[in-house]
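Each chain gets a letter, A, B and so on, in the order its sequence line appears, and its residues count up from 1.
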Number of protein chains: 2
Amino acid sequence: MDCVVFGFDEGELKLLLIERGLEPFKGRWALPGGFVRVNETLDEAARRELVGETGLKNVFLEQLYTFGEVERDPRERVVSVAYYALVKLSDHRAKAATDAANAQWFPVSKLPKLAFDHAEILRMALARLQGKVRYQSIGFELLPEKFTLSQLQHLYEAVLETELDKRNLRKKVLSFGLLVPLEETQMVGRHRPAQLFRFDQKRYEQLRKKGFHFEI
Amino acid sequence: MDCVVFGFDEGELKLLLIERGLEPFKGRWALPGGFVRVNETLDEAARRELVGETGLKNVFLEQLYTFGEVERDPRERVVSVAYYALVKLSDHRAKAATDAANAQWFPVSKLPKLAFDHAEILRMALARLQGKVRYQSIGFELLPEKFTLSQLQHLYEAVLETELDKRNLRKKVLSFGLLVPLEETQMVGRHRPAQLFRFDQKRYEQLRKKGFHFEI
DNA sequence: TCAAAAGTGTTCTTGATACACCCATGC
DNA sequence: GCATGGGTGTATCAAGAACACTTTTGA
């Protein structure tokens, strides 16, 4: 099992990598991963690995694809079920960054060369993320609990690698009625403070059962 | 590996099932499947199984999901990579139906009880099919090479389980410029003969590379 | 001449896009 | 008072949805 862990911080999409201590690919960066035990499900294995590497519980986790090329591991035949995870990195930055000494967050735009077929796994995870973020609420899994509409816009711009119109995006996301304005504002820098919102997950689930279809 | 094989015939979406000859679930119907060999990829295993059961080459095949519940096979721990396939059933009806004595096509609306967790695998395959058919050209994989617009409409109606407006659907699919009208017409029953079309796969690939986005 | 499916246009409504200025704050 | 990002509305255009009658054939 391998796990593509995405975070969003400082306006950039980031990826968690582990520096390999053993051959093959010793010293190269790789996706966190490990072997599935006989008495645990695939999901449980992915979540166990995730907790081990990041210390984070309650993160979004979804199966991505299963990679079964015969020569993908030079040692022996290994089939790998890949997952991808979305973590609220800016809420847990300090913790997540330091838990594993050999783990590090890289901007997706500036990655080192990866071990095994992990570049291909990442490519697929990015494609999935870009596809799903437009019609599911998974974007909010990457934002802190309380966020501003500018943060939301920057997230979409980073993931989709495009520029978006501020007014049109705000109009659309607010029209869903899923963002709850909070009492607080966020004050950073010498300019007007920004309204904070939270995403109403419960209401989203209700609407989705009634056939509601979210789209950015 | 398990394989969800869909066909479309007589206006209905159909599923290929195998009657199990051995325990567990002896006598119950199951998805075609088998074990992946050490020196073949997952895709190769799925295609090998598909050729064995249907005798069909060149069918659409895509990985669906990997099922890893601990108790999904009562004998021992088995992880299964599920695929789904789309076959042009009406082109090959006679051949496909008789190749394997214990194989049979069932309307998706009238299925027997399935072995193992195959009902869940099917549920997921149906969801995938319903999702993808709207924005990819996979629908044509279920139609014969030459088809009428009514057949196309009935296919979408069967897969999506809705009714569609004849005029709006024709307007939209023809607007893509991907359906080539043929010289021939199809004459069935005592009414006006229907224009036959073929899907221009090459042109579709070209457009897709340029960012073209198909949607029903 | 009748039954049965094939084929064809227009109107209305909705949502997408494009676009420019004022506001609140810290320095 | 000025630099910085936060916040807001309207006009235009394109696509989706709703809708009914004529055409061609075989029996």
Is the distance from OP1 or OP2 of [N] to the nearest side-chain N or O of [X] less than 4.0 Å?
X: A/Ser150; N: D/dG6; value: yes
X: B/Arg167; N: D/dC19; value: no
X: A/Lys172; N: C/dA16; value: yes

Using the closest heavy atom to pick a nucleotide of DNA chain C for each, name whichever of A/Asp165 or A/Arg192 lands nearer the 5' end.
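Its nucleotide being nearer the 5' end, the pick is A/Asp165.
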Taking the nucleotide of DNA chain C with the closest heavy atom to each, which residue, B/His154 or A/Lys166, is nearer the 5' end?
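Nearest nucleotide further toward 5': that of B/His154.
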Quick one: [X] [atom1] to [N] [atom2], roughly how many Å, whole number?
X: B/Leu179; N: C/dG7; atom1: CG; atom2: P; result: 12 Å
X: A/Met187; N: D/dG5; atom1: CE; atom2: C1'; result: 9 Å
X: B/Phe197; N: C/dG7; atom1: CZ; atom2: P; result: 7 Å
X: B/His191; N: C/dA4; atom1: NE2; atom2: P; result: 10 Å
X: A/Lys171; N: D/dG9; atom1: NZ; atom2: P; result: 11 Å
X: B/Gln151; N: C/dG7; atom1: CD; atom2: C1'; result: 16 Å
X: B/Ile216; N: D/dG16; atom1: CD1; atom2: P; result: 10 Å
X: B/Leu169; N: C/dA5; atom1: CG; atom2: P; result: 18 Å

Mind checking the CZ-CG spacing from B/Phe6 to B/Leu86? Nearest 0.5 Å is all I need.
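Result: 7.5 Å between the selected atoms.
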Quick one: on DNA chain D, does A/Arg170 or A/Arg190 contact a more 5' nucleotide (nearest heavy atom)?
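Looking at the nearest nucleotide for each, A/Arg190 comes out on the 5' side.
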Determine, step by step, whether A/Asp2 and A/Ser80 satisfy the side-chain hydrogen bond (donor to acceptor under 3.5 Å, both in side chains) criterion, reporting the C-alpha distance in whole Å, the side-chain angles of both residues, the deciding distance to 0.1 Å, and the verdict.
CA-CA 7 Å; A/Asp2 288 301; A/Ser80 176; 2.7 Å; yes
Is the closest basic N to carboxylate O distance between A/Glu120 and A/Arg123 below 4.0 Å?
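Salt bridge flag = no for A/Arg123 with A/Glu120.
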Quick test of your reading of the model: are B/Glu62 and B/Arg128 salt-bridged, counting only N-O distances below 4.0 Å?
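Looking at B/Glu62 and B/Arg128, the cut-off is met.
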On the 0 to 90° scale, with breaks at 30° and 60°, tag the B/Tyr135-B/His213 ring pair as parallel, tilted or perpendicular.
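Answer is parallel, since the angle falls under 30°.
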Using a heavy-atom cut-off of under 4.0 Å over every strand shown, decide if B/Thr148 touches base, sugar-phosphate, or nothing.
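Result for B/Thr148 = nothing.
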